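Both ligands and their constituent atoms are indexed starting at 1 by order of listing. Please read these numbers as outputs of a predicted model, since none were measured by experiment. Sequential numbering from 1 along the given sequence is applied to the chain's residues.
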Amino acid sequence: MGSERKNVNHLLRLALCAFAVLFPLTLSAQEVAWKTGPEAAAIERRIDGLLKQMTLEEKVGQLHLSGRGDGFDITQIKSGRMGAVMNFVVPAEVLEVQKAARTTRLKIPLIIGLDAVHGFSTYFPLPLGQASTWDPKLIEEAAYWTGREASAAGINWTFAPMVDISRDPRWGRVLEGAGEDAYLGSVVAAARTRGYQRGGVATSVKHFVGYGAGEAGRDYNSTWIPTSQLFDLHLPPFKASFEAGSMTAMAAFNALNGLPATAHRGMLTDLLRGKWGFKGFVTSDFGSITELRLHGIARDDAEAARKALLAGIDMDMMGDVYHKHLAAEVKAGRVPMKALDEAVRRVLRVKFHLGLFERPDVDPAAAPALMQTQAAREVALKAAQDGAMLLKNANETLPIGPAVKSVAVIGAMARPEDERVWTDPAGLGRRVVQALPEALKERLPADVSVAYEPAFTKACGTEFADKDAAIRTAAASDVIVAMLGEDCEFMGEGASRTKLDLPGVQQELLEALVATGKPVVLVLATGRPLVLTWADAHVAAILQTFHGGTEGRNAIADILTGKVNPSGRVPMSFPRSVGQIPVYYDHLPTGRPQKIRQRYESIFIDEANEALYPFGHGLSYTRFSYANARVSKPAMPLNGSVEVSVDVTNAGSRDGQEVVQLYIRQPVASRSRPVRELKGFAKPMLRAGETRTVRFKLDAASLGAHDEAGRYTVEPGDIEIYLGGSSLTSVMTQVTLTKS
Ligand code: NOJ
């Protein structure tokens, strides 16, 4: 989607760069949410009225989503042939298109969409980096400010959150999701949905469904997902988002078990509308209706349009297929008017519930005051601080201590000049982003020198600028901070990789830095878990971020200098080698488990089974210990619940946040159950020396699983409960599920 991005980048940057001064907040966000009762009934009557007046062409127009850029034709809006637009980000332009819609006969407002994936003007960490905070309130706030900034520019719809679960870091889009786990993914999906919609934009939860399971991690590739796994792993975050009120959804590009998701009536209609009762609309992904031809299920665009509409796709994003063919399909009787009306009804319903008919236009003059406010930046800073994961810290290398008198910061990633935002066609990038050397200098004592060498021509380190200068500077310092990772073309949509090493010549640099004999602190900004096996064995410390956004480097400096105690936890396992993939914590047991690592056990002969850094892992500058794991009663019925508690002590000498995780396992059931399943977590801040009892309510109803017929059952039997600071914890208690 490179061209989508380019045009918008430039304009938005021009428009917003003019707003150099930060004004205090003056307007409050217009929360969007489903209306209920008489208000909802009145909306249905208004839709009935409109549908009666609309021509066939006007109806089709409501399903046509076109985007700013080459080929955009505003006369289609003026003639009532376009009901939705995307990638308009400059308030004055948003006003212009919205006004154009008001010149039409029926004055139906536009829905205006944008990929505000992890920010609009203020950038928050990439969604995977937000998930690594394990803090739903903070994640909700990040989405709120994104929604609020976007809605202040007149945008009322966002193509987010992406809730695709993925266990394959070869896929470039894992950065847009929340990682490998259904429970964490669902909590994050709900938090982000609430936040965006509270901030004033309707969400489009995506990509329905299975996009994260593309074979070999290759983008847009087919997925094969057994029904049990579809329901236990991939669907829960969608359900959570709808329960949190998501007003729209986006269908996926991929074929799911042989049927393209864009034509999957079973998912889009039977499940989503039928079983789940979803009342909003579903958009296709970018051009995915016309792609039904390439999937081999439609002879031409007319057939593609027909199949998509009848499956349950209400809106055609950038395909021009509904626009060109749907009216003829209806006239020929191949698409019933009733099916068209239903799709139009869903689109109009969202527009009414959003308040678009009543809400005044965006005020371009007021918008600047709402961009990158102090409040939004504070949330961005906290999210970047709390999402950074300390993966290794040998000999307490971090935080940088008083013995250190000189620090060398190496790597062009340390300065934001080259930073691009890969998940967002708005592509605003930063407006104010601190560089790491300066951020460190500000925080370290005056007698500590900070030197900087970029080493590379670009942030992603594809070629050296001056390697020797970097090595000289590094060798002359007490500590080396190497900021490396993925940027540029190496992450995001369309950036699947088979090698998960540091791109370009970064590994060569890292080895040269280690060879100086000085302690190397590796700070990573990537879009996925990379294979860090060499680094883990050779560098002194690793601080992993998933691009921290506007405040990312300030947050890194806070952690390196000890101002902030790291508390991020791994949301997606880090493999030891690409050959291990998929590696995830909640796998099933095997009949030949690894015991002594002999040949006929389920092992690799050339690699360990375990992830390098497992799900839930993350170090702190303090230590936490767990004791007295217990349940409020030894047994509970299948419709009951139990309180699980554990005493958590901060046994170190610094205050710190711990992510207390609760996993379960049912060791004996009618089908194999995972070795661990996350069912709860909390993130308390504990003072040094403090002990806190952390309590969880565990509902029996949440302990079941689906079978291949899609049936969900909770089975009587023992449930092991594990509590601790990672998925490997061995602190355990137990409860028995009884029939009654
Ligand atoms: C394609 C992506 O798959 C989707 O997530 C995004 O919202 C659209 N492009 C629009 O940019």
For this session: Could you list which atoms of ligand 1 come closer than 4.0 Å to a heavy atom of Met86?
Result: 10 (C), 11 (O)
Exercise. Are Glu176 and ligand 1 in contact, using a heavy-atom cut-off of under 4.0 Å?
Worked result: no
Exercise. Going by distance alone, is a donor N or O of one side chain under 3.5 Å from an acceptor N or O of the other, for His323 and Gln76?
Worked result: yes
Problem set entry | Residue-ligand contact Arg173/ligand 1, heavy atom below 4.0 Å | yes
For this session: Have a look at ligand 1 and work out which part of Met250, if any, has a heavy atom under 4.0 Å from it: side chain, backbone, both or neither.
Result: side chain
Exercise. How close do Ala142 and Val379 get, heavy atom to heavy atom, and via which atoms?
Worked result: N-CG1, 3.7 Å
Problem set entry | Under 4.0 Å to a heavy atom of Phe159 - the qualifying atoms of ligand 1, by number | 7 (O)
Exercise. Any N or O of His207 that comes nearer than 3.5 Å to an N or O of ligand 1?
Worked result: yes
Exercise. In terms of side-chain heavy atoms, does Ser573 have a donor or acceptor partner in Glu180 at a distance below 3.5 Å?
Worked result: yes
Exercise. Can you list the ligand 1 atoms lying under 4.0 Å from a non-hydrogen atom of Lys206?
Worked result: 4 (C), 5 (O), 6 (C), 7 (O)
Exercise. Relative to each other, are the rings of Phe278 and Trp34 parallel, tilted or perpendicular (30° and 60° limits)?
Worked result: perpendicular
Exercise. In terms of the angle between their ring planes, are His207 and Phe253 parallel, tilted or perpendicular, with boundaries placed at 30° and 60°?
Worked result: parallel
Exercise. Do you know which of Val282, Val163, Leu235 makes side chain to side chain contact (heavy atoms under 4.5 Å, CB included) with Phe208?
Worked result: Leu235
Seminar exercise, completed: Note: ligand 1 atoms sitting under 4.0 Å from heavy atoms of Asp285 are 1 (C), 2 (C), 3 (O), 4 (C), 6 (C), 8 (C), 9 (N)
